[in-house]
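Below, chains carry the letters A, B, ... as their sequence lines are ordered, and counting in each starts from 1. Values below: every heavy atom of this structure, side chains too, minus hydrogens, waters and symmetry copies.
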2 protein chains.
Amino acid sequence: MTPRTAEAAQVEEANQAFYDAVETSDLDALEEIVLTGPLAETVSVVHPGWPVLRGRGEVMRSYALIMANTEYIQFFLTDVEVAVDGDTALVTCTENILTGGPAEEDGSAGTLVGALVVATNVFRRTPEGWRLWVHHGSPVLADGDDDDEDAAGPGA
Amino acid sequence: MTPRTAEAAQVEEANQAFYDAVETSDLDALEEIVLTGPLAETVSVVHPGWPVLRGRGEVMRSYALIMANTEYIQFFLTDVEVAVDGDTALVTCTENILTGGPAEEDGSAGTLVGALVVATNVFRRTPEGWRLWVHHGSPVLADGDDDDEDAAGPGA
């Protein structure tokens, strides 16, 4: 394993730990993953369909809210791509999400809904390991094939 | 002006130049703004509603396609926030977009449509200035107020 590959593997582990924390509603684990220190006020997160949340405090509050309102969520990550340059690492991935509402009155599981979200995650290297600086998730509304010209919505 | 502020101003200029290039359908200007070199294959862009595009070639082709299919587009940027750390800079902003279809048969302008998109842009420092490494734009579907709990869609 080259040093570069080992580094990318560490970043991918940090990325997986981030999703594991959300999946298991483990706010303490998430606290460890989200960047602290001088850049804490610049931590930024966009949940699918949301405006930008900026600053570690606002970001953590949003996750507490999401966790409190999500009965069940599971992430199957695909298309995970990692790039490392110096102390910055970029991860892009597809979040294949299975989420469920509250259990039915008879005790059976609530309705499961699938969702397709793509994410851009940026990590910073710290003495304690790679920490999440930026997360931007957005719904995939088109398949983005080259010949699917109508899919080109507004935006840069 | 402190060095840090001057740096942030340079990043904001690069960010504005990116939107100006799309607004004026200037693919050559965009070629100058998008990162080249060793990280070129890791350049990643998400257009609103699209999957991830990765690699400079694929990214530039998508912009050529968007420019060819966009009669008119204007960006009013608000909430522009810049953070610089070493050779990496993070910009988040709201793209208040005004876009228009083809002109009517009588020569009058096509219908204008407004759209609200939030963007996360990451720039890298190069000898030629700050260059775009990552762009992720996504539609804002909820106002994200703290008390707007129903807005919490699935996703990390």
Discussion item. Show, in sequence, the C-alpha distance, side-chain angles and deciding distance for Glu81(A) and Val52(B), and conclude whether the side chain to side chain contact (heavy atoms under 4.5 Å, CB included) test is met.
Written reply: CA-CA 10 Å; Glu81(A) 299 278 0; Val52(B) 179; over 6 Å; no
Could you state whether [X] and [Y] fall into the same hydrophobic cluster, counting links through intermediate Ile, Leu, Val, Met, Phe, Trp or Tyr residues with side-chain heavy atoms under 4.5 angstrom apart?
| X | Y | value |
| --- | --- | --- |
| Tyr19(A) | Leu27(A) | yes |
| Tyr72(A) | Val117(A) | no |
| Phe76(B) | Leu112(B) | yes |

Apart from Val113(B) itself, its cluster of hydrophobic side chains linked below 4.5 Å comprises none
Bottom line for Thr42(B): the part with an atom under 4.5 Å from chain A's heavy atoms is both
If one checks every heavy atom of Ala119(B) against chain A at 4.5 Å, the contacting part turns out to be backbone
CZ of Arg54(A) to CG of Asp79(B), rounded to nearest 0.5 Å, is 10.5 Å
Rounding to 0.5 Å, atoms CG (Asn121(A)) and NE2 (His136(B)) come to a distance of 9.5 Å
**Prompt:** Val134(A) versus Leu90(B): any side-chain heavy-atom pair under 4.5 Å?
**Reply:** yes
Contact check, side chains of Val46(A) and Thr120(B), non-hydrogen atoms, under 4.5 Å: yes
If I compare all heavy atoms of [X] with all of [Y], which pair ends up nearest, and what's the gap?
| X | Y | value |
| --- | --- | --- |
| Ser138(B) | Ser138(A) | CB-CB, 3.2 Å |
| Thr88(B) | Trp133(A) | CG2-CZ3, 3.8 Å |
| Pro139(A) | Leu141(B) | CG-CD1, 4.4 Å |

| Going by distance alone, is a donor N or O of one side chain under 3.5 Å from an acceptor N or O of the other, for Thr92(A) and Ser44(B)? | no
Does atom CD of Glu32(A) have more than 12 heavy-atom neighbours, drawn from other residues, nucleotides or ligands, at distances under 6.0 Å? no
